[in-house]
**Student:** 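Starting off with a structure, shown below.
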Amino acid sequence: MRKRNTTGEWTARGMGLLSLGLGLPSVATPDTLVRIMGLRSDSTSRTALTAIGLRETLLGLGILSWPRFSGWMWARVTGDAMDLAALGWLLSQSTRRQRSQLAAVTAGTVGITAMDTWTAIRLTRRPRWKEGQPGEYEFEAKRAITVNRPREEIYQAWRDFRNLPRFMENLESVEPTGENRSHWVAKAPAGATVEWDAEIVEDQPNSLISWRSLPESRVENAGTVRFVPAPNGKGTEIHVELRYTPPGGRLGAAVAKIFGKEPGQQVASDLRRFKQVMETGEITRSDASVRGGGAAQPPRQPVQREIAHPLTEPAQL
């Protein structure tokens, strides 16, 4: 896994810590903040500060859990606007003594609002992937396998992306949407799904296929598969390179590892399934793989067999 931070993401973390620094005292000791701000010491003021503290605490935790998601920062900007409106009303109703304290609080809030807005814009405009430029929390996997089938047959099976869900465990469907473009649906944590559109960027018949997600896709991903004749004419070597940023950033990456979906292992498992289908027309599944452990290794226990048509036949989706 590669990790890259941008200025906006570092700033977001700082604002997340600031949210916690403002929120926790507001929840724990609202009376103290009422005195500092020069507000009237009554239940209304304490309730308002407690509510603001809860908001800041939740936003702080959200930002620190997923600093690359601009939505958290825009939520802070919205909260800042509400706070400024409330402070403006309080200033209009305050005494001269209260006004100086409220003016200082308002000036600080204006500065925080400016920083929140800058950070939110920075994250929203975060650069997309470029060739050779990894993204934050990006996973990269490289695996290879030899399949005892002609290179032309292997290429044709892979080139029809509708076949991919038949051996890629985490893909639900891939449907063509136009010339060299397709719509992908994949499994996400907690039983959810995630969708994106992709395009083929390079296609060398019987040699190479390269694709990547389109701009603004929720899952940034790219892949290349190469087809190389195996030594002594014994089938075809398949070399797969895959990189992607999982939904949920760091959280999605952690969930993926917890549930055994480390991308290198997953790609290796998918390639074994592909090999089984191409060579035998079926996927052999051990008891462990039935429980979610991936494609079977040579089993020691009795196996179940999931019959599948060879991938060179039209996909039935």
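All heavy atoms count here, side chains included; hydrogens, waters and symmetry mates do not.
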**Student:** Do you see a donor-acceptor pair shorter than 3.5 Å between the side chains of D270 and Q266?
**Tutor:**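 There is such a pair (donor and acceptor under 3.5 Å, judged by atom type) between the side chains of D270 and Q266.
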**Student:** With the threshold set at 4.0 Å, does a side-chain nitrogen-carboxylate oxygen contact exist between D83 and R55?
**Tutor:**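 Salt bridge flag = yes for R55 with D83.
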**Student:** Ion pair present between R46 and D31, side-chain N to carboxylate O less than 4.0 angstrom?
**Tutor:**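 Looking at R46 and D31, the cut-off is met.
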**Student:** I'd like to check V174 versus H183 (side-chain heavy atoms, cut-off strictly below 4.5 Å). Are they in contact?
**Tutor:**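 Side chain of V174 against side chain of H183, heavy atoms only: no contact under 4.5 Å found.
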**Student:** Are M73 and T117 side-chain neighbours, meaning at least one heavy-atom pair lies under 4.5 Å?
**Tutor:**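 Sidechains of T117 and M73: no contact.
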**Student:** Taking T57 for the side chain and G53 for the main chain, is one N or O donor matched with an acceptor at less than 3.5 Å?
**Tutor:**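 Side chain of T57 to backbone of G53, a donor-acceptor pair under 3.5 Å: yes, one is there.
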**Student:** Does a donor on one side chain sit under 3.5 Å from an acceptor on the other, for E241 and H239?
**Tutor:**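 Note: E241 and H239 side chains miss the donor-acceptor criterion.
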**Student:** Do R272 and I145 make a side-chain contact, defined as non-hydrogen atoms from C-beta onward lying under 4.5 Å apart?
**Tutor:**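 The answer is yes; the side chains approach within 4.5 Å.
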**Student:** At their closest point, which heavy atom of M15 faces which heavy atom of D116, and how far apart are they?
**Tutor:**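 Here M15 and D116 meet closest at CE-OD1, 2.9 Å.
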**Student:** Are any non-hydrogen side-chain atoms of L164 and W184 less than 4.5 angstrom apart?
**Tutor:**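 L164 vs W184: side chains touch.
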**Student:** Check whether any side-chain heavy atom of I154 sits under 4.5 Å from a side-chain heavy atom of F274, and report yes or no.
**Tutor:**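 In contact.
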**Student:** Quick check against the 3.5 Å criterion: does E237 have a side-chain atom that pairs as donor or acceptor with the backbone of P229?
**Tutor:**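 Here the side-chain-to-backbone pair does not exist.
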**Student:** Would R149 and T236 count as having a side-chain donor-acceptor pair, cut-off 3.5 Å?
**Tutor:**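 Distance-only check fails for R149 and T236.
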**Student:** N180 side chain to E199 main-chain N or O, any donor-acceptor pair under 3.5 Å?
**Tutor:**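 No; judged by distance alone, with no hydrogens or angles, the pair does not exist.
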**Student:** With a 4.5 Å cut-off on side-chain heavy-atom distances among I, L, V, M, F, W and Y, is there a chain of contacts connecting M168 to M278?
**Tutor:**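 The answer is yes; both residues are in one hydrophobic cluster.
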**Student:** Mind checking whether I238 and Y155 have side chains closer than 4.5 Å, heavy atoms only?
**Tutor:**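 A side-chain contact is absent here, since even the closest heavy-atom pair is not under 4.5 Å.
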**Student:** What orientation do F161 and W211 show, parallel under 30°, tilted 30 to 60°, or perpendicular over 60°?
**Tutor:**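 Ring orientation of F161 relative to W211: perpendicular.
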**Student:** Within the 4.5 Å heavy-atom criterion, are V240 and W158 side-chain neighbours or not?
**Tutor:**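 Counting from C-beta outward, V240 and W158 do come under 4.5 Å.
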**Student:** Whether the side chain of D160 engages the backbone of R162 through a donor-acceptor N/O pair (distance < 3.5 Å, no angle test) should be reported.
**Tutor:**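 The answer is yes, because a donor-acceptor pair under 3.5 Å joins these two groups.
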**Student:** What I'd like to find out is whether the side chain of E56 reaches to under 4.5 Å of the side chain of S26, using heavy atoms alone.
**Tutor:**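 They are not in contact (no side-chain heavy atoms under 4.5 Å apart), so the answer is no.
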**Student:** Tell me if a side-chain donor or acceptor on T47 pairs with a main-chain N or O of T44 at a distance below 3.5 Å.
**Tutor:**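 No.
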**Student:** Looking at R212 and A222, would you say the former's side chain and the latter's main chain have a donor-acceptor pair under 3.5 Å?
**Tutor:**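 Not a single qualifying donor-acceptor pair exists.
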